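Below you'll find the structure, written out as structure tokens, and then a few comments.
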Amino acid sequence: MRRATILHADLDAFYASVEQLLDPSLRNRPIAVGGSVVLAASYEARSYGVRGGMPGWRARQLCGDLLFVGGHFGRYQQFGDDVVSVFHDFTPRVERVSIDEAFLDVAGTVHLFGAPTDIAAAIRRRVRDEIGLPLSVGVARTKHLAKVASQVAKPDGLVAVAPGDERDFLDPLPVGLIWGVGPTTERRLHEAGISTIGQLAKAGSPILGSLLGQTAGAKLAALSANVDDRAVKTPARSKSMGAQAALGPRDATPELIRETLGYLADRVASRLRKATLAGRTVTVRVRFSHLRSVTRSVTLSVAISTTLTLTEVAERLAHSAILDNEREREITLIAVSVSNLRPEHSLQLELPLDSPNLRRKVDPRAVFEVEASRWGVDRSVDAIRDRFGRTAVGYATVALSAAKRVPQEFRELAERDQAGNGAWSQ
């Protein structure tokens, strides 16, 4: 059995904590970052039930003294990077999973800095003393258990789980602490009489499979028993770019698919162009209720980076996934990524419509004219956004949408290219 040498470090109420650090008058006060929607809440606000993603009016109902602040988006990245620099002083094996959390494997550095718990304590102390932010750390044998331990440690604490104590630690905890269990899954489990991780482990894969689907059931059964072989991965060169949108349970209407994929394709394509990259492989993932996901992918004859072309390809893949699963009435997430990347410094000469999955009869001259127009429009849009901000111009399907989106500054933090940090940004 491996030693407990994996750490999960998570900054507490990160955005709100940074605001309280920058403005001492906000300390010990209930604050929320955002406006119409709560993007982050301090622990003082959370004690009233205020949570991220909550409408602003509801948050004000729960906490009459709640103070909204606009947010210092550029400083968030700076503080997050400073904290990660502290991590690297203790181990080179750091897997950053978001702006405010990371996994560390300290197995190779215990001879330098002491036991894993000593390393965790030293990291927390340095982050507090040198940067001024509270940090919770979980120490365990697996990534999943380390993450659960860090959630139990909040706020501003340290929890270590020895290999021999794992089941005693996990069994009484609520199922909502398991990685990947959201409100809908938690509600279904509660309806089946499963409220703790121990009850989840006893239920086993067959029962969970009937409740949530075979894939999700098997995954949760394994995690509830702390079966997790994933290693801490150090950064490697990024091989794809992508974005995803969590929708909540929604009917899979053509309008919803078109609007959502238009938004996601715009984000992905603009990032590709900024990096002077294009990609040949487009992948769309549709998640239905009960955590069941379906993926469709196509590899094109040419690499693409124009927004409308990516949108068209992604729409066809999404509709294919939905049509093949007609019994599923609701979707909860859509994601699109582009891989098989290569440098792109000039105009794409043809639309990628010669794939067997996407073939249709077209006039080559018309194809060239369409793609040339899209190429020019996209670069004009990019230039305007670079000067006046992303919201200055956009495609009508997205710009005129009534859907509430996370503010652009938060998107940019999530989409900041980190080498080897996977395909999906929130």
Side-chain angles (χ1 to χ4, degrees), residues 1-12 14 76-131 133-154 156-166 169-170 177-180 219 222-223 226-240 413-426:
M1 183 177 293
R2 298 198 311 268
R3 296 175 60 193
T5 58
I6 294 179
L7 279 57
H8 181 260
D10 196 353
L11 288 159
D12 297 323
F14 177 54
Y76 298 152
Q77 189 66 62
Q78 173 193 338
F79 278 108
D81 291 346
D82 290 344
V83 171
V84 172
S85 294
V86 173
F87 299 161
H88 279 285
D89 287 344
F90 289 88
T91 176
R93 300 192 64 183
V94 177
E95 180 183 348
R96 190 175 185 177
V97 294
S98 71
I99 190 174
D100 58 351
E101 63 176 317
F103 288 101
L104 297 77
D105 189 336
V106 298
T109 58
V110 292
H111 64 291
L112 296 174
F113 303 110
T117 51
D118 296 332
I119 295 174
I123 289 173
R124 293 184 63 245
R125 185 165 54 250
R126 281 192 54 184
V127 171
R128 171 65 78 176
D129 295 345
E130 298 175 15
I131 302 173
L133 293 173
L135 179 75
S136 293
V137 180
V139 184
R141 182 174 56 90
T142 66
K143 291 173 72 173
H144 171 254
L145 187 55
K147 183 174 176 66
V148 172
S150 72
Q151 306 313 300
V152 175
K154 288 180 175 294
D156 196 17
L158 166 62
V159 169
V161 185
D165 299 332
E166 292 170 347
F169 174 77
L170 276 175
L177 287 180
I178 287 190
W179 205 345
K219 177 182 177 181
L223 293 179
N226 196 34
V227 177
D228 183 8
D229 295 329
R230 292 171 299 170
V232 174
K233 297 180 179 179
T234 53
R237 186 175 182 84
S238 180
K239 297 181 180 179
S240 63
L413 291 179
E415 292 176 356
R416 180 173 180 260
D417 282 333
Q418 302 170 17
N421 204 22
W424 312 111
S425 65
Q426 295 291 332

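Since the model is a prediction, treat every value here as computed from it, not as a measurement.
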message = Are the side chains of L135 and R128 in contact, using a 4.5 Å heavy-atom criterion?
response = no

(message) Tell me if the CG atom of D229 is crowded by more than 12 foreign heavy atoms within 6.0 Å.
(response) no

Taken in chain and number order and not counting sequence neighbours, the residues that satisfy side-chain hydrogen bond (donor to acceptor under 3.5 Å, both in side chains) with N226 are T142, E166

For A122, the side chain to side chain contact (heavy atoms under 4.5 Å, CB included) test, sequence neighbours excluded, returns F90, R125

Item checked: Side chain to side chain, K143 and H8, heavy atoms closer than 4.5 Å -> no

message: Side chains of F169 and V148, heavy atoms from C-beta outward: is any pair under 4.5 Å?
response: yes

- Exam field: side chain R93 to backbone V232, donor-acceptor pair closer than 3.5 Å: yes

_For the residue pair D10 / S136, report whether a side-chain donor-acceptor contact shorter than 3.5 Å exists._
no

Check: Is there a donor-acceptor pair closer than 3.5 Å between any side-chain N or O of S150 and the backbone N or O of A9?
Finding: no

- Can you tell if the side chain of I119 reaches within under 4.5 Å of the side chain of V139, non-hydrogen atoms only? no

Those residues at least two apart in sequence (or on a different chain) that pass ring-ring contact (aromatic ring centres under 6.0 Å, His included) with F14 are none

* Asked: Going by heavy atoms in the side chains, are D81 and R96 under 4.5 Å from each other?
  -> yes

CD1 of I123 to CG of L7, rounded to nearest 0.5 Å, is 5.5 Å

Classify the angle between the aromatic ring planes of W179 and F103 as parallel (below 30°), tilted (30 to 60°) or perpendicular (above 60°). tilted

Applying salt bridge (Lys or Arg N to Asp or Glu O under 4.0 Å) to D89 and not counting sequence neighbours gives R126

Residues 112-124 vs side-chain hydrogen bond (donor to acceptor under 3.5 Å, both in side chains), sequence neighbours excluded, gives R124-D156

Distance col, row K154:NZ vs L11:CG, nearest 0.5 angstrom, shows 7.5 Å

Hits for salt bridge (Lys or Arg N to Asp or Glu O under 4.0 Å) against K219, two or more places apart or cross-chain, chain-then-number order -> none

- Heavy atoms, side chains only, cut-off 4.5 Å: are P163 and R3 in contact? no

Tightest non-hydrogen contact, residues A4 and V161, listed as CB-O, 3.7 Å

Next on the checklist: If we ignore hydrogens and angles and just use 3.5 Å, is the side chain of T91 paired with the main-chain N or O of D105 as donor and acceptor?
Outcome noted: yes

Rounded to the nearest 0.5 angstrom, the CG-NE2 distance for L104 and H88 is 8.0 Å

When rounded to the nearest 0.5 Å, the distance separating CG of L177 from CD of Q151 is 7.0 Å

Next item on the list: Check whether any side-chain N or O of E95 sits under 3.5 Å from a backbone N or O of K233 as a donor-acceptor pair, and report yes or no.
Entry: yes

Output for pair (I6 CD1, D228 CG), nearest 0.5 Å, gives 7.5 Å

- Stepwise side chain to side chain contact (heavy atoms under 4.5 Å, CB included) check, L133 with F79: CA-CA 9 Å; L133 293 173; F79 278 108; 4.1 Å; yes

Worksheet item: Any side-chain heavy atom of L170 within less than 4.5 Å of one from L145?
Response: yes

